[in-house]
Amino acid sequence: MTILKDLAVDISLALQMGLRDTGMNTICELVSNAVKKTDFVRTYLSDRAVGQDVREVLYEDEELGFCICGHVYADAAIGSPHDHGSSWAIYGQAEGETDMSEWTVVAEKSDGTKLVSKTSSYTMKAGDVRFYDIGVVHSPHRTDPVRLLRVEGENLDNIRRSDIEVVDE
Ligand SMILES: [Fe+2]
């Protein structure tokens, strides 16, 4: 088996443990181990060709729906505050740094737009892993090249994210 397939099997087993927190902690450890492996990073988080998407779905589980994705940014990538709709996600920093902020929802407009206020900021360095539960609003700020591994509860290509409006930075 490839190291990617091994990772997928281990994530699948963790998700089936039933205890959500225990499962997520286990997946965070698995992701942390993966992004610290030179072979894994070289094979699955390689430089993108010209015109190639920064995002690559490396594995999608037919049974449970989770995805393992590689994101490789050659330049700055500044993300505005967002959630992942009905999905959770785990970010694993493989190379470079991400300045991440988290936001709390302070109110909701009648059209469903969520009003958010910044609650914390931190820097994710190589080997760092973070779990973002369903509905957690966050914003990544990357000024230099970055490689990261992201495990998604569902393929985020198919997820509708909330409309977000910042009221307090
Ligand atoms: Fe995100």
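Indexing begins at 1, ligand by ligand and atom by atom, following the structure's order. Numbering starts at 1 and runs along the sequence shown. What you see is a predicted model, and the numbers here were worked out from it, not measured in a lab.
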Contacts of the Fe ion (ligand 1) with protein N/O/S atoms, counting only those under 2.8 Å: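 Counting only protein N, O or S atoms under 2.8 Å from the Fe ion (ligand 1), the list reads His82 NE2, His84 NE2, Tyr91 OH, His138 NE2.
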Pairs satisfying ring pair (Phe, Tyr, Trp, His ring centres under 6.0 Å), at least one member in residues 137-169, at least two apart: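 Every ring pair (Phe, Tyr, Trp, His ring centres under 6.0 Å) pair that includes a residue of residues 137-169, provided the two are not neighbours, is His82-His138, His84-His138, Tyr91-His138, Tyr132-His138.
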Pairing donors with acceptors under 3.5 angstrom, does anything connect the side chains of [X] and [Y]?
X      : Y      : value
Asp75  : Tyr73  : no
Glu152 : Ser87  : no
Asp128 : Gln93  : no
Glu102 : Tyr122 : yes
Thr119 : Trp103 : no

